[in-house]
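Here is the structure we will look at, set down as structure tokens.
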Protein chains: 2
Amino acid sequence: MVDSESPSAARVLQLVASGAASSRTELATALGVAQSTVSLRVQELLRAGVLTETGHGRSQGGRRPRTLAVAAEAGYVCMADLGGAHTRIGVLDIGGRLLHSEEIPLGAGESPQATLDALHDAVHTMLDTVRPSGVLLGAGIGLPGPVQDGAVTLPSRMPGWRGFDAAHALRRTFDCPVVVDNDANLMAIGEARVTNRGKENLVVVKAGSGIGSGVIVGGALYRGNDNASGDISHMRVAAGADLPCSCGIRGCFAAVASGAALVEQLRAKGMAVESTSDVVRAAENAEPEVITTVRAAGSLLGEVLATIVNFFNPDAVLLGGALSTSEAYVAAVRAGLYDRCLPLSTRNLEISRVRTGADAGLFGAGLLVLDTVLDERLAALADSRTEPDEKAGV
Amino acid sequence: MVDSESPSAARVLQLVASGAASSRTELATALGVAQSTVSLRVQELLRAGVLTETGHGRSQGGRRPRTLAVAAEAGYVCMADLGGAHTRIGVLDIGGRLLHSEEIPLGAGESPQATLDALHDAVHTMLDTVRPSGVLLGAGIGLPGPVQDGAVTLPSRMPGWRGFDAAHALRRTFDCPVVVDNDANLMAIGEARVTNRGKENLVVVKAGSGIGSGVIVGGALYRGNDNASGDISHMRVAAGADLPCSCGIRGCFAAVASGAALVEQLRAKGMAVESTSDVVRAAENAEPEVITTVRAAGSLLGEVLATIVNFFNPDAVLLGGALSTSEAYVAAVRAGLYDRCLPLSTRNLEISRVRTGADAGLFGAGLLVLDTVLDERLAALADSRTEPDEKAGV
DNA sequence: CCTACTTCAACCAAGATCGAAGGAAGTGGC
DNA sequence: GCCACTTCCTTCGATCTTGGTTGAAGTAGG
């Protein structure tokens with residue numbers, strides 16, 4: 001359940017690829033493990049062909065380090081972050097570097113199979129342009145709703161998706177290992193692993209057309225009992241006492257303050273907004289009506305998060321999703337949170353935007369699938385190395 | 001940070017003492033580790049004098065097991081659970097068995113030093129009666145408020161305690177190792193470790209004169225950033241819009257539904273209640289006014305917990321504290337929770353009373369101090385065994 | 001050119017845990 | 001009584017990890 005600081009293959013590659021470490025010694029300090037341990041693991045990765053020695057680095061007074069680099073030709077993974085109206089897709093090389101990401105006009109509103117087919121086409125068009133070297137190792141996909149066994153169990157804005165085994169369908173379509181998870185969970189994983197703050201316990205909020213969060217405990221994703229952790233959309237707020245929600249209860253937070261709710265509210269007032277991004281743009285243009293609405297939504301999120309922070313006492317609250325790109329929104333969240341939270345819990349609390357921005361979910365999806373794919377590959381290599389040995393030995 | 005299933009000394013002893021395991025083989029299956037590992041650890045504990053072999057068990061078709069028992073003469077720890085008006089004290093033997101527990105009329109209302117002095121006297125009177133064999137190994141104390149570095153940082157009903165280093169004072173008074181922690185945290189630890197359900201992630205609520213909770217993640221206590229996790233008393237609820245709270249904000253949950261708040265409300269209506277227990281008693285006697293008030297408080301807790309359950313998606317919510325002894329209260333909590341929570345999160349959720357009842361906090365305090373004390377003792381023994389070897393060897 | 005010093009990575013021993021194997025101590029059928 | 005079988009516990013090597021040491025590689029200064 002915990003894999004934060006362990007020198008997993010994917011993590012070693014990520015450090016090398018990101019430039020955070022380019023020699024064995026640097027890896028050892030970055031991972032916090034003994035040099036000898038790193039040495040062995042690097043040897044494995046070299047043999048597996050996913051790392052290469054590229055030469056020597058500059059000496060710092062002593063022996064020159066042997067520089068390491070990921071073998072780009074070893075392959076890549078591709079990711080998708082499915083939203084209500086838009087979908088973000090991208091490619092990660094084997095070292096966890098984002099080679100490319102883009103937004104495509106594809107929503108989960110269609111039938112599942114049609115959506116996934118369109119996604120498949122879009123991904124392959126992207127791959128034709130990007131032309132990453134090597135082979136497709138795996139794919140990771142984020143869906144906007146609680147995911148269990150590869151299927152969405154509570155699709156609020158996704159008609160027809162309930163119980164549809166997306167993982168199975170994708171495996172068939174893409175013909176490679178696939179992981180499917182909730183979008184906010186993937187965002188939390190991505191942000192936690194790419195921007196390594198010294199923080200162990202995080203709440204990462206995705207405020208887009210819906211609102212969800214991912215929870216990081218001890219550096220690893222906390223999934224809860226049914227992989228349903230992080231739901232904050234159905235908290236009861238006074239501001240929405242009479243608004244109905246897809247869950248069947250009135251007064252839910254997301255029914256008032258989600259991007260979709262803001263669009264509705266503004267359209268009711270005659271404004272020409274279609275999506276959450278439209279709302280954010282209008283707010284940046286300082287349209288008074290919009291900015292008031294956005295601030296109110298942010299303040300409400302702050303209030304909701306105050307409850308979460310009091311209970312969970314995390315090291316940081318990180319904001320992502322389309323709404324978080326609005327300065328006004330973030331400011332309102334901060335204000336609402338500090339206003340309603342115990343000083344004890346906010347004293348050491350960081351509240352900021354996700355550093356990986358709109359790509360956070362893609363990073364999470366890619367890194368998650370890289371973990372499993374690389375582990376399998378190393379295990380296979382270890383097997384193939386021991387078996388012949390036994391033959392030769394006896 | 002995680003110590004749930006590891007074969008720690010205290011855990012081995014607890015299993016033996018509780019009767020859950022009386023032979024090495026049973027220990028191995030209970031701990032989920034190899035028999036050889038258990039064998040070595042048992043040898044250590046035998047040498048340390050905290051375990052003894054008592055003879056043979058019944059054969060089950062093969063060789064008879066050698067039965068193990070904790071060496072009662074090896075010592076004991078004593079515990080205290082300090083409340084606003086009452087305090088519960090008890091003694092644990094080295095195997096984690098509760099030898100005795102009682103409630104004494106001592107509250108945290110006095111000055112800290114006076115309270116601790118009175119506590120010391122009460123504990124020694126208790127020890128004179130109980131006469132546990134062996135020596136006092138350590139003491140664990142629970143305080144009703146957030147604890148940092150052995151001191152309460154936000155004493156809501158404890159004038160004069162703010163910043164008072166209780167751990168230091170107790171170490172001097174009792175002259176033994178001491179652990180001090182939040183009462184709800186200790187309750188969570190106690191309940192999680194004594195009644196080992198197959199559950200990994202728990203929320204344990206203490207609903208007494210105040211309301212707090214302890215969070216168990218992966219079998220171990222989750223403490224958060226500032227050891228301040230589990231605070232649910234300051235969640236905003238509609239029912240208490242205008243009631244002031246010690247935190248300076250209006251509308252806090254605990255200002256409406258804590259035991260202290262219920263006492264106030266009922267007294268304002270002319271009822272003769274002094275403490276939370278009085279309220280519970282009156283409710284059990286089916287006094288209409290009281291039972292309505294208690295049910296309302298329970299329903300509110302259920303609503304608050306619905307938020308927590310949606311976010312945290314635990315395996316179980318366990319209710320403790322004086323209020324939880326009221327059937328009506330527990331029923332109202334259940335109703336409120338199921339009413340406001342997503343079915344997804346309650347499908348596999350257990351909602352029940354703590355099985356260790358009023359002693360949950362004592363168990364937690366005792367087991368926590370046993371952990372550290374036993375580890376130290378084994379380490380000391382290991383040292384004393386290696387050092388002479390070196391002398392003799394050279 | 002030689003020496004002193006720094007840094008890197010391979011090697012080694014120590015500790016923990018595990019699985020397999022085996023001895024010890026029983027039961028039960030013949 | 002003998003033998004097969006079961007169960008319990010210990011022993012032994014294998015594996016994985018870690019920290020410390022050593023030798024290799026290189027720099028800086030005289």
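As a basis for the values below, the full set of heavy atoms in this structure was taken, side chains included, without hydrogen atoms, waters or symmetry mates. Note on naming: letters A, B, ... go to the chains in the order of the sequence lines (proteins, then strands), and numbering restarts at 1 for each one.
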Test of understanding: with salt bridge (charged side-chain N to carboxylate O under 4.0 Å, His left out), list the residues that count as partners of A:Asp226, not counting sequence neighbours.
none
5' precedence on DNA chain C between B:Gln35 and B:Val38 (nearest-nucleotide basis)
B:Val38
Which residues satisfy the side chain to side chain donor-acceptor pair (under 3.5 Å) test with A:Asn225, sequence neighbours excluded?
none
Find the distance A:Leu31:CG to D:dG19:P and express it as a whole number of Å.
13 Å
Which donor-acceptor pairs under 3.5 Å do the side chains of residues 12-19 of chain B make with protein atoms, sequence neighbours left out?
unit_1, atom_1, unit_2, atom_2, d
B:Gln14, NE2, B:Arg193, O, 3.1
B:Ser18, OG, B:Gln14, O, 3.1
B:Ser18, OG, B:Leu15, O, 3.1
B:Ser18, OG, B:Ala20, N, 3.2

Could you run through nucleotides 22-27 of chain D and give me one letter per nucleotide, 5' to 3': B if any protein heavy atom sits under 4.0 Å from the base, S if only the sugar-phosphate is that close, - if neither?
-BBBBS
What is the distance from CD of A:Glu53 to P of C:dC8, rounded to the nearest Å?
15 Å
Residues which pass side chain to side chain contact (heavy atoms under 4.5 Å, CB included) with B:Thr195, listed by chain and number, not counting sequence neighbours
B:Glu191, B:Arg197, B:Arg355, B:Thr356
Member of A:Ile94, A:Leu92, A:Leu99, A:Asp93 meeting the side-chain contact (heavy atoms from CB on, under 4.5 Å) criterion with A:Pro132:
A:Leu99
Do B:Arg377 and B:Val50 have side chains that approach each other closer than 4.5 Å (heavy atoms only, starting at C-beta)?
yes
Which part of the nucleic acid does B:Ser36 contact within heavy-atom distance under 4.0 Å: base, sugar-phosphate only, or nothing?
base
Check nucleotides 14-17 of chain D against the protein and report each pair of N or O atoms closer than 3.5 Å, with its distance, or say if there are none.
none

What integer distance in Å separates B:Glu26:CD from D:dC8:P?
8 Å
Applying side chain to side chain contact (heavy atoms under 4.5 Å, CB included) to B:Val179 and not counting sequence neighbours gives B:Leu368, B:Val369
Contacts of type salt bridge (charged side-chain N to carboxylate O under 4.0 Å, His left out), residue B:Glu73, not counting sequence neighbours:
none
Please set out all donor-acceptor pairs under 3.5 angstrom arising from side-chain atoms of residues 25-36 of chain A, sequence neighbours excluded.
unit_1, atom_1, unit_2, atom_2, d
A:Glu26, OE1, A:Ser22, N, 2.9
A:Thr29, OG1, A:Glu26, O, 2.9

Of A:Gly32 and B:Thr67, the one whose nearest nucleotide on DNA chain D sits closer to the 5' end is B:Thr67
Got a sec, which residues hit salt bridge (charged side-chain N to carboxylate O under 4.0 Å, His left out) with B:Glu376, two or more places apart in sequence or on another chain?
none
Nearest to the side chain of B:Pro65, heavy atoms from C-beta on, is which of C:dA9, D:dG19, D:dC9?
D:dC9
Any residue meeting salt bridge (charged side-chain N to carboxylate O under 4.0 Å, His left out) with B:Arg66, in chain and number order, not counting sequence neighbours:
B:Glu53
Roughly, in whole Å, what's the span from CD in B:Gln43 to C1' in D:dC9?
10 Å
Whole Å only: how far is the CZ atom of B:Arg66 from the C1' atom of D:dT7?
13 Å
Using rotation axes that map the C1' atoms of four end pairs onto the next four (five pairs an end), what angle separates the end axes of the helix from C:dC1-D:dG30 to C:dC30-D:dG1, to 10°?
20°
